[in-house]
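Structure record follows, encoded as structure tokens.
Hydrogens, waters and symmetry mates play no part in the numbers below; they use all other heavy atoms, side chains included.
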Amino acid sequence: MIVVDVGDAFRMIAQYDHSLHAGEMGAWLRDEAFSSPDRRTSVLTGVAEHDLAWQGMDKVPMWNDAGRKPYSFLDLPDSWKLAHYHCGVDELEARDPYAGLLASRHYTAFFEHATDSDALAFLARERSRQARIAADLGVEEQDVERDVRIVQFLDKLSLYVCLSDPPSGQNPGAPWLQRPFPELEPALGEPVEVHWVGSGRVGLKPFPFRAAFACDVSVRRVDKRRIAAVGIATAYQEAPVERERVTMSPA
């Protein structure tokens, strides 16, 4: 779950909705970003479905007593996430092995420096999966790395939108989203600068897409008083889904 405190409410976006948003943006990405035009469909499946594992976790949001807010993807304990990640990649691999490989690589990057036994076991299982799929498909590491960077770029770009306030064009508070995005530098020759240029409009330089476009993000504003009255699960389910339209354009 993506959670932003907006004063009297929490702005909440299901992780899978963010994933679909990333995939929708990916459909506009220029061909030269991909390792091969033949892999474009599989890469975009990997982008759109990379957070498939979160569908079950986000059905009932969990309350963080210590933080006095709903748990988000940033602070939900790893022990809860890891088993779901593995199952989600299993499901995606069954649909499209290359998309599963990219999602697996995307997740393992989060735990490269982990020392926890659960994380180390997850890394071992996923690295075995990655080696098996790559061998079965006969793909080169440099090609996989190029396409993983696409997943990472679009994931980050969607998070930039989701952790901001699109109507006001207010930047996200996360420092790691306030620097140029380096993921597509091998394809574009330089990192991509990303910033709000007005209400509901993000500017990118250099512009990695075929043309300017707009797509929607599904958001719920969950009232804090309602949470106190009926609990986070009920308050979340009662909150209407709003559609926030954001345009991506050249800066």
## Note on the structure
The residue among His50, Glu93, Gln130 that forms side-chain hydrogen bond (donor to acceptor under 3.5 Å, both in side chains) with Ser104 is Gln130

### Task
Begin with the C-alpha distance, continue with both residues' side-chain angles, and end with the deciding distance and a verdict on side chain to side chain contact (heavy atoms under 4.5 Å, CB included) for Phe110 and Asp78.
CA-CA 10 Å; Phe110 301 151; Asp78 287 344; over 6 Å; no

### Query
Tell me, do Asp51 and Phe73 make a side-chain contact under 4.5 Å, heavy atoms counted?
no

### Task
Work out which heavy atom in Trp196 is nearest to a heavy atom in Pro172; give both atom names and the distance.
NE1-CD, 4.4 Å

#### Entry: Heavy-atom closest contact (Ser218 atom, Val241 atom, distance)
CB-CG1, 3.9 Å

### Message
Please report the interatomic distance CZ(Phe153) to CG(Leu184), rounded to the nearest 0.5 Å.
### Response
5.0 Å

### Lys/Arg N to Asp/Glu carboxylate O, Asp143 vs Arg146, below 4.0 Å
no

### Query
In Å and rounded to the nearest 0.5 Å, what is the NE2 to CD1 distance from His18 to Ile13?
9.5 Å

### Query
If you take all heavy atoms of Asp155 and Ala22, which pair is closest and at what distance?
N-CB, 4.3 Å

### Message
For residues 180-206, which residue pairs pass the salt bridge (Lys or Arg N to Asp or Glu O under 4.0 Å) check, not counting sequence neighbours?
### Response
Lys156-Glu183

### Query
So Phe213 and Trp28, would you call those rings parallel, tilted or perpendicular, with 30° and 60° as cut-offs?
parallel

### Query
Are Phe10 and Ile232 close enough, and set up right, to give a side chain to side chain contact (heavy atoms under 4.5 Å, CB included), and what steps lead you there?
CA-CA 10 Å; Phe10 293 106; Ile232 182 59; 5.7 Å; no

### Query
Is there a donor-acceptor pair closer than 3.5 Å between any side-chain N or O of Asp116 and the backbone N or O of Ala119?
yes

### Message
Tell me whether Glu140 at atom CD has more than 12 heavy atoms from other residues, nucleotides or ligands lying less than 6.0 Å away.
### Response
no

## Note on the structure
Between the CE atom in Met25 and the SG atom in Cys215, the distance rounded to the nearest 0.5 Å is 6.0 Å

### Query
Crowded around Trp80 CH2? As in, over 12 foreign heavy atoms under 6.0 Å?
no

### Query
Closest heavy-atom contact between Val89 and Gly100?
CG1-O, 3.6 Å

### Query
Transitively linked via ILVMFWY side-chain contacts under 4.5 Å: Met1 with Leu76?
no

### Task
Enter the distance from Ile2:CD1 to Ser72:OG here, rounded to the nearest 0.5 Å.
8.5 Å

### Message
I'd like to know if the side chain of Ser199 and the backbone of Ser168 have a donor-acceptor N/O pair within less than 3.5 Å.
### Response
no

### Task
Consider only side-chain N and O atoms of Asp96 and Ser42, and report whether a donor and an acceptor are under 3.5 Å apart.
yes

### Query
Is any side-chain heavy atom of Leu123 closer than 4.5 Å to a side-chain heavy atom of Tyr107?
no

### Task
Hey, could you give me the CZ/CG distance between Arg40 and Asp31, rounded to the nearest 0.5 Å?
5.0 Å

### Query
Which value, rounded to the nearest 0.5 Å, describes the distance between Leu102 atom CG and Glu49 atom CD?
13.0 Å

### Considering all heavy atoms, the nearest Ala33-Ala187 contact
CA-CB, 3.9 Å

### Task
Say whether, by atom type as modelled, one donor and one acceptor occur between the side chain of Asp58 and the main chain of Gln15 under 3.5 angstrom.
yes

### Message
Applying salt bridge (Lys or Arg N to Asp or Glu O under 4.0 Å) as the test, list every pair that has at least one member in residues 229-251; sequence neighbours left out.
### Response
Arg11-Glu244, Asp216-Arg243, Asp216-Arg245, Arg226-Glu238

### Task
Classify the side-chain pair Tyr98/Asp136 by whether it contains a donor and acceptor separated by less than 3.5 Å.
no

### Query
So, for Leu159 and Trp176, which heavy atoms are closest and what is the spacing to 0.1 Å?
CD1-CH2, 3.9 Å

### Task
Determine, for Tyr236 and Arg220, whether the Lys NZ or Arg CZ falls below 6.0 Å from the six-membered ring centre while staying within 45 degrees of the axis.
yes

### Residues Ser35, Asp147; criterion side-chain hydrogen bond (donor to acceptor under 3.5 Å, both in side chains); working and verdict
CA-CA 6 Å; Ser35 67; Asp147 292 333; 2.6 Å; yes

### Query
Do NZ/NE/NH1/NH2 and the carboxylate oxygens of Asp5 and Lys224 come within less than 4.0 Å?
yes

### Query
According to a 4.5 Å side-chain heavy-atom criterion applied to Ile, Leu, Val, Met, Phe, Trp and Tyr, with indirect links allowed, do Val139 and Val148 form part of one hydrophobic cluster?
yes

### Query
Parallel under 30°, tilted from 30 to 60°, perpendicular over 60°: which one fits the rings of Tyr160 and Phe181?
perpendicular

### Message
Check Asp90 with Arg129, please: is the shortest side-chain N to carboxylate O separation under 4.0 Å?
### Response
yes

#### Entry: Donor-acceptor contact below 3.5 Å, side chain Thr45 vs main chain Thr41
yes

### Query
Between Arg210 and Ala27, is there a donor-acceptor pair closer than 3.5 Å when you use the side chain of the first and the backbone of the second?
yes

### Query
In terms of hydrophobic clusters joined by side-chain contacts under 4.5 Å, are Leu52 and Phe122 together?
no

### Close side-chain approach of Pro166 to Val161, heavy-atom, < 4.5 Å
yes

#### Entry: Side-chain heavy-atom pair Leu101, Val144 within 4.5 angstrom cut-off
yes

### Task
Determine whether Leu157 and Leu44 fall in the same hydrophobic cluster, where Ile, Leu, Val, Met, Phe, Trp and Tyr are linked whenever their side-chain heavy atoms lie under 4.5 Å apart.
yes

### Query
Under 3.5 Å, side chain of Ser249 to main-chain N/O of Gly203, donor-acceptor pair present?
no

### Message
Between Arg221 and Asp8, does any NZ, NE, NH1 or NH2 come within less than 4.0 Å of an OD or OE carboxylate oxygen?
### Response
yes

#### Entry: Hphob cluster co-occupancy, Val194 + Ile150, side-chain heavy atoms under 4.5 angstrom
yes

